[in-house]
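Only heavy atoms go into these numbers, but all of them, side chains included; no hydrogens, no water, no symmetry mates. For this chain, numbers begin at 1 and follow the sequence in order. Atoms within each ligand, like the ligands themselves, are counted from 1 in listed order.
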Amino acid sequence: MVRDLKKIFIDLQKLCKALQLTSKYLFTSMQASADKKLDVSFLPAPGTTLTLQYPDQTFPVPDRGRYKLHNEIEDCIVCNKCARVCPVDCIEIEGIPAPEVIGVTSNGMKKRIHAAKFDIDMAKCCFCGLCTTVCPTACLTMTSTYDFSVFDVLEHKVSFAHMSEAAIADAKQTFSTSAAIHSIKQ
Ligand code: SF4
Ligand code: SF4
């Protein structure tokens with residue numbers, strides 16, 4: 001009986017959290033739509049024909065649209081949350097822990113892991129946007145780039161990390177040395 005009540009209480013807590021999150025996103029999205037009206041002034045009057053000189057002219061896209069992803073890697077803390085939430089496993093990350101803080105993100109979070117690899121395969125991405133929602137530093141965003149056709153599908157794999165081979169080897173060496181020192185101390 002007590003166990004059942006406890007379970008009901010936990011479920012209710014989860015439900016409240018979920019409703020809180022949903023209302024938060026509903027409110028911010030309504031606010032954003034009200035604040036930022038899409039500029040469609042170029043559209044002709046109803047009943048007339050519109051010809052866009054593509055690719056020199058393109059349709060404007062909504063601010064909250066889901067298009068090509070971008071990672072502002074300087075603000076990435078390599079927490080792996082985006083890769084874990086991705087339903088199609090199109091984010092590949094390799095992080096190398098550092099023995100000390102290696103920087104601070106724009107929103108004040110400490111960086112403790114080097115981003116040796118951060119690839120997103122846009123050919124597999126289903127544009128669900130979940131990765132951008134969980135990112136704690138808001139460095140992973142959907143850009144307004146919707147036309148990124150390529151001749152070779154492999155070109156859809158975008159790399160955001162920019163560590164050199166030497167820097168990666170250096171970071172790995174530093175990590176293994178500090179791990180060895182740590183285990184000797186214990
Ligand atoms: S938008 Fe969705 S499918 Fe694309 S990388 Fe993010 S989580 Fe994965
Ligand atoms: S969730 Fe954000 S901070 Fe974490 S690894 Fe992905 S892009 Fe980087």
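- Within the 4.0 Å heavy-atom criterion, neither part of D75 lies near ligand 2.
- At a cut-off of 2.8 Å, C82 does not coordinate atom 8 (Fe) of ligand 2 through any N, O or S atom.
- Listed by number with element, the atoms of ligand 1 under 4.0 Å from a non-hydrogen atom of P87 are 7 (S).
- Near C135, meaning under 4.0 Å from one of its heavy atoms, ligand 2 places the atoms 1 (S), 2 (Fe), 3 (S), 7 (S).
- Salt bridge present: E94 and K172 bring a charged side-chain N and a carboxylate O closer than 4.0 Å.
- C126 SG to R66 CZ: the interatomic distance, rounded to the nearest 0.5 Å, is 9.0 Å.
- Less than 4.0 angstrom separates some heavy atom of C126 from each of these atoms of ligand 1: 3 (S), 4 (Fe).
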Check your understanding: Stepwise, does the side-chain contact (heavy atoms from CB on, under 4.5 Å) test hold for L140 with V134?
Key -> CA-CA 9 Å; L140 193 57; V134 297; over 6 Å; no

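- T141 contributes no side-chain N or O that, together with a main-chain N or O of T143, makes up a donor-acceptor pair within less than 3.5 Å.
- Nearest protein heavy-atom neighbour of atom 3 (S) of ligand 2: I77 N, 3.4 Å.
- Counting only distance, with no hydrogens or angles, the side chain of K117 and the backbone of F160 share no donor-acceptor pair below 3.5 Å.
- Scanning the protein for heavy atoms near atom 7 (S) of ligand 2, the closest one is C139 SG, 3.5 Å.
- Within ligand 1, counting atoms from 1 as listed, the ones closer than 4.0 Å to a heavy atom of C90 are 5 (S), 8 (Fe).
- Of the inter-residue distances, the one linking C90 atom SG with D119 atom CG reads 10.5 Å to the nearest 0.5 angstrom.
- Distances shorter than 4.0 angstrom do not occur between any heavy atom of V134 and any atom of ligand 2.
- Side-chain contact, D75 with T137: no donor N or O sits under 3.5 Å from an acceptor N or O.
- What sits closest to atom 4 (Fe) of ligand 1 on the protein, heavy atoms only, is C125 SG, 2.3 Å.
- Of all atoms in ligand 1, listed by their number and element, those nearer than 4.0 Å to a heavy atom of G129 are 1 (S), 2 (Fe).
- At least one donor-acceptor pair under 3.5 Å links the side chain of N107 to the backbone N or O of P136.
- The contact set between ligand 1 and V88, taken as ligand atoms under 4.0 Å from a residue heavy atom, comprises 3 (S).
- Side-chain contact between M142 and K68: absent, with no pair of heavy atoms (C-beta onward) separated by less than 4.5 Å.
- Remark: minimum distance from atom 8 (Fe) of ligand 2 to any protein heavy atom is reached at C76 SG, 2.3 Å.
- The distance from ligand 2 to the heavy atoms of N80 drops below 4.0 Å at these ligand atoms: 4 (Fe), 5 (S).
- Using cut-offs of 30° and 60° on the angle between ring planes, the pair F127 and F148 is tilted.
- Aromatic ring pairs are classed by plane angle as parallel below 30°, tilted from 30° to 60° and perpendicular above 60°; the pair Y67 and Y146 is tilted.
- The atoms of ligand 2 that sit less than 4.0 Å from any heavy atom of T137 are 3 (S).
- By the 4.0 Å heavy-atom criterion, M142 is counted among the residues contacting ligand 1.
- Nearest protein heavy-atom neighbour of atom 6 (Fe) of ligand 1: C131 SG, 2.3 Å.
- At a 4.0 Å cut-off, at least one heavy atom of L69 sits close enough to ligand 1 to count as contact.
- Considering only non-hydrogen protein atoms, atom 2 (Fe) of ligand 1 sits nearest to C128 SG, 2.2 Å.
- Separating the CD1 atom in I10 from the CG atom in L15 is a distance of 14.0 Å, to the nearest 0.5 Å.
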